[in-house]
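Have a look at the structure below, then the notes.
Each chain gets a letter, A, B and so on, in the order its sequence line appears, and its residues count up from 1.
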2 protein chains.
Amino acid sequence: MIRNLTEQDKEHLQEALVKSGQKVTPQREAVFTVLLAERDHPTVDEVFNRAREVMPGLSLATVYNCLETFVGCGLVRQVNHERESTRYCPNLAPHAHFRDKETGQVHDIELPPEVMKSLRSILPPGFDSEVIEISFLGRAQAKDTHSN
Amino acid sequence: MIRNLTEQDKEHLQEALVKSGQKVTPQREAVFTVLLAERDHPTVDEVFNRAREVMPGLSLATVYNCLETFVGCGLVRQVNHERESTRYCPNLAPHAHFRDKETGQVHDIELPPEVMKSLRSILPPGFDSEVIEISFLGRAQAKDTHSN
DNA sequence: TAATCAGTTAGAATGAGTCTAATCCGCAAG
DNA sequence: CTTGCGGATTAGACTCATTCTAACTGATTA
(Lines give C-alpha, C1' and ligand atoms only; values in the text may rest on other atoms or scores of the structure.)
Protein backbone atom coordinates (compact mmCIF):
# COMPACT_ATOMS: atom_id res chain seq x y z
CA MET A 1 0.00 0.00 0.00
CA ILE A 2 1.30 3.40 -0.90
CA ARG A 3 0.87 5.92 1.83
CA ASN A 4 1.28 9.63 1.35
CA LEU A 5 4.51 11.49 1.87
CA THR A 6 5.20 12.73 5.37
CA GLU A 7 5.62 16.47 5.73
CA GLN A 8 9.30 15.86 6.20
CA ASP A 9 9.65 13.87 2.99
CA LYS A 10 7.66 16.48 1.14
CA GLU A 11 10.00 19.20 2.29
CA HIS A 12 12.97 17.08 1.38
CA LEU A 13 11.61 16.65 -2.13
CA GLN A 14 10.74 20.30 -2.53
CA GLU A 15 14.05 21.53 -1.25
CA ALA A 16 16.08 19.30 -3.56
CA LEU A 17 13.98 20.16 -6.59
CA VAL A 18 13.93 23.89 -6.02
CA LYS A 19 17.64 23.93 -5.28
CA SER A 20 18.32 22.73 -8.80
CA GLY A 21 15.75 24.98 -10.42
CA GLN A 22 13.00 22.39 -10.79
CA LYS A 23 9.38 22.48 -9.82
CA VAL A 24 7.31 20.27 -7.61
CA THR A 25 4.59 18.62 -9.71
CA PRO A 26 1.93 16.06 -8.84
CA GLN A 27 3.68 13.49 -11.02
CA ARG A 28 7.00 14.01 -9.28
CA GLU A 29 5.32 13.72 -5.91
CA ALA A 30 3.66 10.49 -6.97
CA VAL A 31 6.87 8.96 -8.23
CA PHE A 32 8.76 10.03 -5.15
CA THR A 33 6.06 8.61 -2.94
CA VAL A 34 6.34 5.26 -4.68
CA LEU A 35 10.10 5.24 -4.23
CA LEU A 36 9.87 5.88 -0.51
CA ALA A 37 7.00 3.48 0.05
CA GLU A 38 8.95 0.33 -0.74
CA ARG A 39 12.68 0.67 -0.74
CA ASP A 40 13.23 -2.36 -2.89
CA HIS A 41 15.18 -0.87 -5.80
CA PRO A 42 12.34 -0.93 -8.31
CA THR A 43 12.83 -0.76 -12.06
CA VAL A 44 11.23 2.03 -14.06
CA ASP A 45 8.48 -0.34 -15.01
CA GLU A 46 7.79 -1.24 -11.43
CA VAL A 47 7.72 2.40 -10.43
CA PHE A 48 5.39 3.06 -13.34
CA ASN A 49 2.96 0.32 -12.39
CA ARG A 50 2.89 1.27 -8.73
CA ALA A 51 2.48 4.94 -9.45
CA ARG A 52 -0.40 4.26 -11.81
CA GLU A 53 -2.41 2.89 -8.91
CA VAL A 54 -2.31 6.36 -7.45
CA MET A 55 -2.29 8.43 -10.63
CA PRO A 56 -3.78 6.43 -13.49
CA GLY A 57 -3.02 8.93 -16.24
CA LEU A 58 0.71 8.95 -15.56
CA SER A 59 2.82 8.09 -18.57
CA LEU A 60 5.94 5.98 -18.77
CA ALA A 61 7.92 8.82 -20.31
CA THR A 62 7.11 10.96 -17.31
CA VAL A 63 8.38 8.30 -14.96
CA TYR A 64 11.64 8.28 -16.89
CA ASN A 65 11.74 12.07 -16.72
CA CYS A 66 10.97 12.23 -13.02
CA LEU A 67 13.59 9.66 -12.13
CA GLU A 68 16.16 11.44 -14.25
CA THR A 69 15.34 14.68 -12.51
CA PHE A 70 15.66 13.04 -9.10
CA VAL A 71 19.03 11.59 -10.03
CA GLY A 72 20.08 15.03 -11.26
CA CYS A 73 19.31 16.68 -7.95
CA GLY A 74 20.73 13.91 -5.83
CA LEU A 75 17.46 12.55 -4.47
CA VAL A 76 17.95 9.02 -5.68
CA ARG A 77 20.69 6.80 -7.06
CA GLN A 78 20.69 4.66 -10.14
CA VAL A 79 21.65 1.05 -9.70
CA ASN A 80 22.82 -0.93 -12.68
CA HIS A 81 23.63 -4.59 -12.69
CA GLU A 82 25.02 -6.23 -15.77
CA ARG A 83 22.76 -5.02 -18.51
CA GLU A 84 19.49 -5.49 -16.70
CA SER A 85 16.96 -2.70 -16.35
CA THR A 86 18.15 0.22 -14.30
CA ARG A 87 16.86 0.27 -10.75
CA TYR A 88 16.37 3.24 -8.44
CA CYS A 89 17.21 3.62 -4.82
CA PRO A 90 16.40 6.50 -2.43
CA ASN A 91 19.15 5.54 0.02
CA LEU A 92 21.49 8.50 0.11
CA ALA A 93 24.20 7.14 2.40
CA PRO A 94 27.21 5.66 0.61
CA HIS A 95 26.58 1.98 0.21
CA ALA A 96 27.29 -0.98 -1.99
CA HIS A 97 24.77 -3.32 -3.52
CA PHE A 98 24.42 -7.02 -3.06
CA ARG A 99 22.48 -8.85 -5.68
CA ASP A 100 20.97 -12.20 -4.80
CA LYS A 101 21.65 -14.63 -7.61
CA GLU A 102 18.54 -16.67 -6.88
CA THR A 103 15.88 -14.08 -6.20
CA GLY A 104 17.32 -11.13 -8.09
CA GLN A 105 16.71 -8.94 -5.06
CA VAL A 106 19.09 -6.10 -4.36
CA HIS A 107 20.25 -5.43 -0.81
CA ASP A 108 22.03 -2.34 0.44
CA ILE A 109 25.37 -2.93 2.13
CA GLU A 110 26.70 -0.18 4.33
CA LEU A 111 30.12 1.09 3.34
CA PRO A 112 32.35 2.10 6.25
CA PRO A 113 34.58 5.08 5.54
CA GLU A 114 37.78 3.01 6.05
CA VAL A 115 36.78 0.76 3.22
CA MET A 116 36.09 3.72 0.97
CA LYS A 117 39.48 5.09 1.87
CA SER A 118 41.34 1.87 1.19
CA LEU A 119 39.58 1.65 -2.14
CA ARG A 120 40.53 5.14 -3.10
CA SER A 121 44.11 4.35 -2.11
CA ILE A 122 44.55 1.66 -4.74
CA LEU A 123 44.24 4.18 -7.55
CA PRO A 124 47.59 4.96 -9.17
CA PRO A 125 48.71 8.59 -9.14
CA GLY A 126 46.95 10.66 -11.76
CA PHE A 127 43.67 8.84 -11.33
CA ASP A 128 40.98 10.90 -9.69
CA SER A 129 37.67 9.25 -9.01
CA GLU A 130 34.35 10.85 -8.16
CA VAL A 131 32.14 7.82 -8.02
CA ILE A 132 32.88 4.32 -6.83
CA GLU A 133 30.39 1.59 -7.56
CA ILE A 134 30.67 -1.66 -5.70
CA SER A 135 28.42 -4.59 -6.31
CA PHE A 136 28.43 -8.07 -4.94
CA LEU A 137 26.81 -11.03 -6.60
CA GLY A 138 25.96 -14.05 -4.52
CA ARG A 139 23.45 -15.66 -2.29
CA ALA A 140 21.81 -14.19 0.79
CA GLN A 141 20.06 -15.96 3.63
CA ALA A 142 16.49 -14.70 3.59
CA LYS A 143 16.40 -12.97 6.93
CA ASP A 144 15.57 -9.63 5.61
CA THR A 145 15.19 -6.43 7.52
CA HIS A 146 14.05 -3.77 5.11
CA SER A 147 16.66 -3.42 2.43
CA ASN A 148 15.69 -6.01 -0.11
CA MET B 1 47.68 -4.52 -36.57
CA ILE B 2 46.47 -7.92 -35.51
CA ARG B 3 49.23 -10.45 -35.18
CA ASN B 4 48.67 -14.14 -34.84
CA LEU B 5 48.35 -15.94 -31.55
CA THR B 6 51.56 -17.14 -29.96
CA GLU B 7 51.79 -20.87 -29.40
CA GLN B 8 51.31 -20.20 -25.72
CA ASP B 9 48.13 -18.22 -26.24
CA LYS B 10 46.84 -20.87 -28.59
CA GLU B 11 47.36 -23.54 -25.97
CA HIS B 12 45.72 -21.36 -23.38
CA LEU B 13 42.68 -21.00 -25.62
CA GLN B 14 42.53 -24.66 -26.48
CA GLU B 15 42.92 -25.81 -22.91
CA ALA B 16 40.17 -23.56 -21.60
CA LEU B 17 37.78 -24.49 -24.39
CA VAL B 18 38.35 -28.22 -24.20
CA LYS B 19 38.11 -28.17 -20.44
CA SER B 20 34.53 -26.98 -20.72
CA GLY B 21 33.63 -29.30 -23.55
CA GLN B 22 33.99 -26.77 -26.37
CA LYS B 23 35.89 -26.93 -29.61
CA VAL B 24 38.54 -24.73 -31.11
CA THR B 25 37.19 -23.16 -34.30
CA PRO B 26 38.69 -20.65 -36.71
CA GLN B 27 36.13 -18.06 -35.62
CA ARG B 28 36.95 -18.51 -31.96
CA GLU B 29 40.63 -18.21 -32.72
CA ALA B 30 40.03 -15.02 -34.67
CA VAL B 31 37.98 -13.44 -31.90
CA PHE B 32 40.47 -14.46 -29.27
CA THR B 33 43.30 -13.06 -31.35
CA VAL B 34 41.53 -9.74 -31.58
CA LEU B 35 41.01 -9.66 -27.83
CA LEU B 36 44.66 -10.25 -27.09
CA ALA B 37 45.96 -7.90 -29.76
CA GLU B 38 44.68 -4.73 -28.13
CA ARG B 39 43.71 -5.01 -24.53
CA ASP B 40 41.49 -1.99 -24.59
CA HIS B 41 38.18 -3.47 -23.43
CA PRO B 42 36.48 -3.45 -26.82
CA THR B 43 32.73 -3.65 -27.32
CA VAL B 44 31.21 -6.49 -29.32
CA ASP B 45 31.01 -4.17 -32.28
CA GLU B 46 34.64 -3.25 -32.04
CA VAL B 47 35.63 -6.89 -31.79
CA PHE B 48 33.41 -7.62 -34.77
CA ASN B 49 34.95 -4.92 -36.94
CA ARG B 50 38.50 -5.83 -36.03
CA ALA B 51 37.91 -9.52 -36.55
CA ARG B 52 36.37 -8.91 -39.95
CA GLU B 53 39.69 -7.56 -41.19
CA VAL B 54 41.08 -11.00 -40.64
CA MET B 55 38.00 -13.10 -41.39
CA PRO B 56 35.59 -11.15 -43.59
CA GLY B 57 32.75 -13.67 -43.50
CA LEU B 58 32.45 -13.62 -39.74
CA SER B 59 28.99 -12.74 -38.49
CA LEU B 60 28.01 -10.58 -35.56
CA ALA B 61 26.02 -13.40 -34.00
CA THR B 62 29.14 -15.53 -33.97
CA VAL B 63 31.09 -12.82 -32.20
CA TYR B 64 28.38 -12.77 -29.54
CA ASN B 65 28.54 -16.54 -29.34
CA CYS B 66 32.31 -16.69 -29.11
CA LEU B 67 32.49 -14.06 -26.41
CA GLU B 68 29.77 -15.79 -24.43
CA THR B 69 31.70 -19.04 -24.72
CA PHE B 70 34.90 -17.37 -23.56
CA VAL B 71 33.13 -15.88 -20.57
CA GLY B 72 31.68 -19.29 -19.81
CA CYS B 73 35.08 -20.94 -19.67
CA GLY B 74 36.77 -18.12 -17.80
CA LEU B 75 38.91 -16.82 -20.64
CA VAL B 76 37.60 -13.29 -20.55
CA ARG B 77 35.56 -11.05 -18.30
CA GLN B 78 32.58 -8.92 -19.15
CA VAL B 79 32.76 -5.29 -18.15
CA ASN B 80 29.58 -3.31 -17.83
CA HIS B 81 29.33 0.35 -17.11
CA GLU B 82 25.98 1.98 -16.60
CA ARG B 83 23.94 0.69 -19.50
CA GLU B 84 26.53 1.13 -22.19
CA SER B 85 27.52 -1.71 -24.48
CA THR B 86 29.22 -4.57 -22.75
CA ARG B 87 32.98 -4.62 -23.07
CA TYR B 88 35.34 -7.57 -22.89
CA CYS B 89 38.63 -7.91 -21.13
CA PRO B 90 41.14 -10.78 -21.24
CA ASN B 91 42.82 -9.76 -17.98
CA LEU B 92 42.30 -12.70 -15.64
CA ALA B 93 43.81 -11.29 -12.47
CA PRO B 94 41.32 -9.78 -10.03
CA HIS B 95 41.07 -6.11 -10.82
CA ALA B 96 38.75 -3.16 -10.74
CA HIS B 97 37.91 -0.87 -13.62
CA PHE B 98 38.42 2.82 -13.87
CA ARG B 99 36.41 4.60 -16.46
CA ASP B 100 37.60 7.95 -17.72
CA LYS B 101 34.70 10.34 -17.85
CA GLU B 102 36.19 12.34 -20.69
CA THR B 103 37.57 9.74 -23.03
CA GLY B 104 35.39 6.79 -22.12
CA GLN B 105 38.48 4.63 -21.87
CA VAL B 106 38.56 1.83 -19.34
CA HIS B 107 41.69 1.20 -17.29
CA ASP B 108 42.45 -1.84 -15.19
CA ILE B 109 43.20 -1.19 -11.55
CA GLU B 110 45.00 -3.89 -9.63
CA LEU B 111 43.16 -5.15 -6.58
CA PRO B 112 45.41 -6.09 -3.67
CA PRO B 113 44.15 -9.06 -1.63
CA GLU B 114 43.80 -6.96 1.55
CA VAL B 115 41.31 -4.75 -0.19
CA MET B 116 39.35 -7.75 -1.40
CA LYS B 117 39.33 -9.08 2.13
CA SER B 118 38.19 -5.84 3.69
CA LEU B 119 35.42 -5.67 1.13
CA ARG B 120 34.26 -9.16 1.84
CA SER B 121 34.30 -8.34 5.54
CA ILE B 122 31.62 -5.68 5.25
CA LEU B 123 29.01 -8.24 4.24
CA PRO B 124 26.58 -9.01 7.07
CA PRO B 125 26.36 -12.64 8.20
CA GLY B 126 24.30 -14.74 5.81
CA PHE B 127 25.56 -12.94 2.75
CA ASP B 128 27.87 -15.01 0.61
CA SER B 129 29.38 -13.39 -2.43
CA GLU B 130 31.09 -15.00 -5.37
CA VAL B 131 31.76 -11.98 -7.51
CA ILE B 132 32.68 -8.45 -6.53
CA GLU B 133 32.60 -5.76 -9.16
CA ILE B 134 34.29 -2.48 -8.45
CA SER B 135 34.26 0.41 -10.84
CA PHE B 136 35.53 3.90 -10.53
CA LEU B 137 34.34 6.83 -12.54
CA GLY B 138 36.54 9.87 -12.87
CA ARG B 139 39.35 11.46 -14.74
CA ALA B 140 42.75 10.01 -15.48
CA GLN B 141 45.94 11.79 -16.44
CA ALA B 142 46.83 10.46 -19.86
CA LYS B 143 50.10 8.73 -19.07
CA ASP B 144 49.02 5.35 -20.18
CA THR B 145 50.96 2.14 -19.97
CA HIS B 146 48.98 -0.53 -21.71
CA SER B 147 45.67 -0.90 -19.95
CA ASN B 148 43.50 1.67 -21.57
C1' DT C 1 26.74 -42.75 -47.87
C1' DA C 2 23.64 -41.23 -44.32
C1' DA C 3 22.91 -39.43 -39.80
C1' DT C 4 24.28 -36.53 -36.27
C1' DC C 5 25.58 -32.56 -33.97
C1' DA C 6 27.99 -28.46 -32.66
C1' DG C 7 29.00 -24.22 -34.67
C1' DT C 8 27.90 -20.55 -37.80
C1' DT C 9 25.02 -17.47 -40.35
C1' DA C 10 21.47 -13.74 -41.77
C1' DG C 11 17.90 -11.66 -40.50
C1' DA C 12 13.86 -11.08 -37.50
C1' DA C 13 12.38 -10.09 -32.89
C1' DT C 14 12.83 -8.05 -28.30
C1' DG C 15 12.86 -4.58 -25.01
C1' DA C 16 14.94 -0.78 -22.27
C1' DG C 17 15.54 3.58 -23.03
C1' DT C 18 15.35 8.01 -25.89
C1' DC C 19 13.38 11.30 -28.93
C1' DT C 20 9.73 14.11 -31.01
C1' DA C 21 5.96 16.82 -31.62
C1' DA C 22 1.71 18.01 -29.69
C1' DT C 23 -0.69 19.30 -25.66
C1' DC C 24 -1.31 20.90 -20.96
C1' DC C 25 -0.99 23.96 -17.14
C1' DG C 26 0.40 27.61 -13.97
C1' DC C 27 1.59 32.15 -13.93
C1' DA C 28 2.86 36.84 -15.15
C1' DA C 29 1.84 40.80 -18.35
C1' DG C 30 -1.32 43.36 -20.64
C1' DC D 1 -10.36 38.24 -17.88
C1' DT D 2 -7.29 36.49 -21.73
C1' DT D 3 -3.05 36.14 -23.83
C1' DG D 4 1.41 34.48 -24.12
C1' DC D 5 5.26 32.00 -22.28
C1' DG D 6 7.92 28.11 -20.73
C1' DG D 7 8.48 24.04 -18.40
C1' DA D 8 6.17 19.52 -17.71
C1' DT D 9 3.63 15.86 -19.54
C1' DT D 10 1.98 12.72 -22.98
C1' DA D 11 1.61 9.03 -26.77
C1' DG D 12 3.80 7.02 -29.87
C1' DA D 13 7.67 6.48 -33.00
C1' DC D 14 12.35 5.34 -32.93
C1' DT D 15 17.09 3.44 -31.66
C1' DC D 16 20.18 0.07 -30.87
C1' DA D 17 22.44 -3.65 -28.11
C1' DT D 18 21.31 -8.05 -27.54
C1' DT D 19 18.74 -12.41 -28.23
C1' DC D 20 16.27 -15.59 -30.90
C1' DT D 21 15.15 -18.50 -34.90
C1' DA D 22 15.63 -21.32 -38.55
C1' DA D 23 18.50 -22.65 -42.19
C1' DC D 24 23.05 -24.06 -43.44
C1' DT D 25 27.96 -26.01 -42.95
C1' DG D 26 31.32 -29.20 -42.08
C1' DA D 27 33.47 -32.53 -39.33
C1' DT D 28 32.74 -37.01 -37.16
C1' DT D 29 30.35 -41.39 -36.39
C1' DA D 30 27.48 -45.35 -37.72
Q) From the list dG17(C), dT9(D), dT8(C), which nucleotide is the closest neighbour of the side chain of V44(A)? A) dG17(C)
Q. What about the rings of H41(B) and H97(B), do their centers lie closer together than 6.0 Å?
A. yes
Q: For the side chain of A61(B), starting at C-beta, report the closest nucleotide among dT8(C), dA10(C), dC19(C).
A: dA10(C)
Q.
Please report the distance, rounded to the nearest Å, between CD in Q27(B) and P in dA10(C).
A. 11 Å
Q. What's the NZ-C1' distance between K23(B) and dA6(C), to the nearest Å?
A. 5 Å
Q: Would you classify Q22(B) as touching base, sugar-phosphate or nothing, given that sugar-phosphate means primed atoms plus P, OP1 and OP2, and contacts are heavy atoms under 4.0 Å?
A: sugar-phosphate
Q: Treat each ILVMFWY residue as a node, draw an edge where side-chain heavy atoms are under 4.5 Å apart, and state whether L137(B) and L123(A) are in one component.
A: no
Q.
What's T43(B) touching, base or sugar-phosphate or nothing? Going by heavy atoms closer than 4.0 Å.
A. nothing
Q | Distance, rounded to the nearest Å, where N80(A) contributes CG and dA16(C) contributes C1' | A | 11 Å
Q | Atom-pair distance (CZ on F48(B); C1' on dA10(C)), nearest Å | A | 11 Å
(Q) Distance check needed: dA8(D) P versus L67(A) CG, whole Å only. (A) 15 Å
Q: For the side chain of S85(A), starting at C-beta, report the closest nucleotide among dT9(D), dT8(C), dG17(C).
A: dG17(C)
Q) What integer distance in Å separates Y64(A):OH from dA16(C):P? A) 7 Å
**Q.** Side-chain N or O of S59(B) closer than 4.0 Å to phosphate OP1/OP2 of dT9(C)
**A.** yes
Q: Can you run down the ring pair (Phe, Tyr, Trp, His ring centres under 6.0 Å) pairs that involve residues 61-88 of chain A, sequence neighbours left out, and say none if there aren't any?
A: F32(A)-F70(A)
Q. With under 30° as parallel and over 60° as perpendicular, where do the rings of F98(A) and F136(A) fit, or are they tilted in between?
A. parallel
Q: Please report, rounded to the nearest Å, how far the C1' atom of dT19(D) is from the CD atom of E82(A).
A: 16 Å
Q) Between T86(B) and dA17(D), is there a side-chain N or O to OP1/OP2 distance below 4.0 Å? A) no
Q. Is any side-chain N or O of T25(B) closer than 4.0 Å to OP1 or OP2 of dG7(C)?
A. no
Q: Output the single nucleotide from dT8(C), dT9(D), dG7(C) whose closest atom is nearest the side chain of N65(A).
A: dT9(D)
Q.
Among L35(B), L58(B), L60(B), which residue satisfies the side chain to side chain contact (heavy atoms under 4.5 Å, CB included) criterion with V47(B)?
A. L35(B)
Q: Could you check how far CZ of R83(B) sits from P of dT14(C), rounded to whole Å?
A: 18 Å
Q | First encountered from the 5' end of DNA chain C, between R52(B) and L60(A) | A | R52(B)
Q) R28(B) has a side chain; which of dG7(D), dG7(C), dT18(D) sits nearest to it? A) dG7(C)
